[in-house]
Amino acid sequence: MSAPPRFDRGHTDDLMSFLAASPSPYHAVANAAERLEKAGFRQVAETDAWDASSGGKYVLRGGAIVAWYVPEGAEAHTPFHIVGAHTDSPNLRIKPRPDSGAHGWRQVAVEIYGGPLMNSWLDRDLGLAGRLSLRDGSTVLVGVDRPLLRVPQLAIHLDRSVSTEGLKLDKQRHLQPIWGLGDDVRDGDLIAFLEQEAGLAAGSVTGWDLMTHPVEAPAYLGRDRDLVAGPRMDNLLSVHAATAALAAVATSGAPLTRIPVLAAFDHEENGSQSDTGADGPLLGTVLERSVFARGGSYEDRARAFAGTVCLSSDTGHAVHPNYAERHDPTHHPRVNGGPILKVNVNNRYATDGSGRAVFAAACEKADVPFQTFVSNNSMPCGTTIGPITAARHGIRTVDIGVAILSMHSVRELCGADDPFLLANALVAFLQG
């Protein structure tokens, strides 16, 4: 009986490919599904009846994916071990009437999604990606992964105050990208361009969910190439690690006492309140249907949920060398120091002492070091899908992740070792 592979720097190489190929949540879940298919998983439709068969299965809905592996002989009340993550990242998203412009410039109207570091989007070569909804009700992915858009910064000669008072950006006026020249702005130009890019007939697109992304590729950084710079690490780093871990566990042949699950949600960056967000019914519905498909009752469902644990995996803050005073003085997570356990007594993170013990056991089993993150008492604390998952489904949840710098920037920074250390810990956890 072969053991799951132990991930190494090759995992980080693969993460960089995954980031580059996943400019939108829709691309991210499609890429995750493709990797799971290679591990023997099959897609099941929510509109079909589900059976009691064992093996790997997954559900796709918009920018979310829930995948699970039912081992042979699993009982209806067998608990789940879940890794939760999210597929969305802060960015600039295309408005319903995108064609605009002024003073001889052709522009694209955008809306701010989530909480991006807006200055990081200035003077970047940007592409466009997302999904197009067609007249027949189907959807297709589209990606323009070449320099197409740019948000130009105002020259310092026209705003000397930027040197003394700092950069001040108005979200409506200052972040509309340019994509060409001309005074003949016509409604429908952008979508007509994307129809051509996607090889679609003119006029076939009736809806869209589109967003900008930087076209600069992820790259190793530093003298020793011990860092990685790239987009959307928050939180595709966790989606990639969880996908790899689930595939490894499902193909290992090792006996499982829990049903391993990947739940990657959309819309975490704006509150998770959607049919594909963690505050929606998707995860609970999938878990319940899995119990009932195996002949379970409501009692079996309750028993399964009572024994279930979820690791909410999301990026966190490494200590910043230029702003160390912003961190808690006794908790300084470092890059390449292993995954972090996130703690907040006001339940912005879901971790408690028993959850810490679960994660510590998984890291010990995987021979992976881990660190602890706690916010400075004077700084407001962010949050994750962890508390939402715990409250909505009544399951024990632990908040973890990888420490990075430049969170919510167009280009974030992590240690080159931390992605595979996280993946190894997730394998140990999913094995139960």
V343 vs R356, side-chain contact (heavy atoms from CB on, under 4.5 Å): CA-CA, chis, key distance, verdict: CA-CA 9 Å; V343 178; R356 185 187 193 281; over 6 Å; no
Taking only residues two or more places apart in sequence, or in another chain, which ones meet [X] in a salt bridge (Lys or Arg N to Asp or Glu O under 4.0 Å)?
X: R42; value: D51
X: R173; value: D170
X: E37; value: none
X: E288; value: R301

When you measure from the side chain of [X] to the backbone N and O of [Y], does any donor-acceptor pair fall under 3.5 Å?
X: S406; Y: L413; answer: no
X: R392; Y: D279; answer: yes
X: T212; Y: L92; answer: yes
X: D328; Y: N377; answer: no
X: N424; Y: V368; answer: no
X: T276; Y: D266; answer: no
X: R124; Y: E216; answer: no
X: Q371; Y: R334; answer: yes
X: S409; Y: S120; answer: no
X: S312; Y: G84; answer: no

Mind checking what makes side-chain hydrogen bond (donor to acceptor under 3.5 Å, both in side chains) contact with S54, not counting sequence neighbours?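 S54 satisfies side-chain hydrogen bond (donor to acceptor under 3.5 Å, both in side chains) with E72 only.
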Output, in order, the C-alpha distance, side-chain angles, deciding distance and verdict of side chain to side chain donor-acceptor pair (under 3.5 Å) for S22 and N31. CA-CA 7 Å; S22 304; N31 288 325; 2.9 Å; yes
For the student: nearest non-hydrogen atoms of [X] and [Y], plus distance:
X: L149; Y: G127; answer: CD1-O, 4.2 Å
X: D275; Y: R61; answer: O-NH1, 2.9 Å
X: P214; Y: V410; answer: CG-CG2, 3.5 Å
X: P339; Y: L422; answer: CB-CD1, 4.2 Å
X: S89; Y: Y113; answer: O-CD2, 3.5 Å
X: A263; Y: I82; answer: CB-CG2, 4.2 Å

Check the surroundings of atom [atom1] in [X]: do more than 12 heavy atoms from other residues, nucleotides or ligands lie under 6.0 Å from it?
X: K171; atom1: NZ; value: no
X: R303; atom1: CZ; value: no
X: W208; atom1: CH2; value: yes
X: N322; atom1: CG; value: yes

Taking only residues at least two apart or on different chains, which pairs with a member in [range] satisfy salt bridge (charged side-chain N to carboxylate O under 4.0 Å, His left out)?
range: residues 83-99; result: R97-D187
range: residues 143-161; result: D123-R150, D125-R150, R146-E197
range: residues 416-432; result: R9-D417
range: residues 105-120; result: R106-D189

CA sep, side-chain torsions, deciding dist, call: D234, H86, side chain to side chain donor-acceptor pair (under 3.5 Å): CA-CA 8 Å; D234 178 15; H86 67 88; 3.2 Å; yes
Pairs flagged by ring-ring contact (aromatic ring centres under 6.0 Å, His included) wherever residues 350-399 is involved - sequence neighbours left out: H317-F373, F359-F370
Can you tell me which residue pairs pass the ring-ring contact (aromatic ring centres under 6.0 Å, His included) test with a partner in residues 404-432, sequence neighbours excluded? H81-F429
Can you classify the ring geometry of H11 versus F7 as parallel (below 30°), tilted (30 to 60°) or perpendicular (above 60°)?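 Tilted, since the angle between the ring planes falls between 30° and 60°.
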Is any side-chain heavy atom of T351 closer than 4.5 Å to a side-chain heavy atom of N344?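 With C-beta onward as the side chain, the pair stays apart.
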Working note: H327 + N376, criterion side-chain contact (heavy atoms from CB on, under 4.5 Å); need CA distance, chi angles, decisive distance, verdict. CA-CA 5 Å; H327 299 263; N376 186 308; 5.8 Å; no
For R35, check side chain to side chain contact (heavy atoms under 4.5 Å, CB included) against everything at least two apart and list the hits. D14, F18, H240, T243
Under a 3.5 Å threshold, yes or no: a donor from one side chain and an acceptor from the other, between D314 and T384?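 Judged by distance alone, the side chains do not pair up.
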Would S100 and Q176 count as a side-chain contact (heavy atoms from CB on, under 4.5 Å) if you check the C-alpha gap in whole Å, the side-chain angles of each, and the deciding distance to 0.1 Å? CA-CA 9 Å; S100 66; Q176 307 306 309; 5.5 Å; no
Show your reasoning for whether side-chain contact (heavy atoms from CB on, under 4.5 Å) applies to W68 and V44. CA-CA 11 Å; W68 65 104; V44 294; 3.8 Å; yes
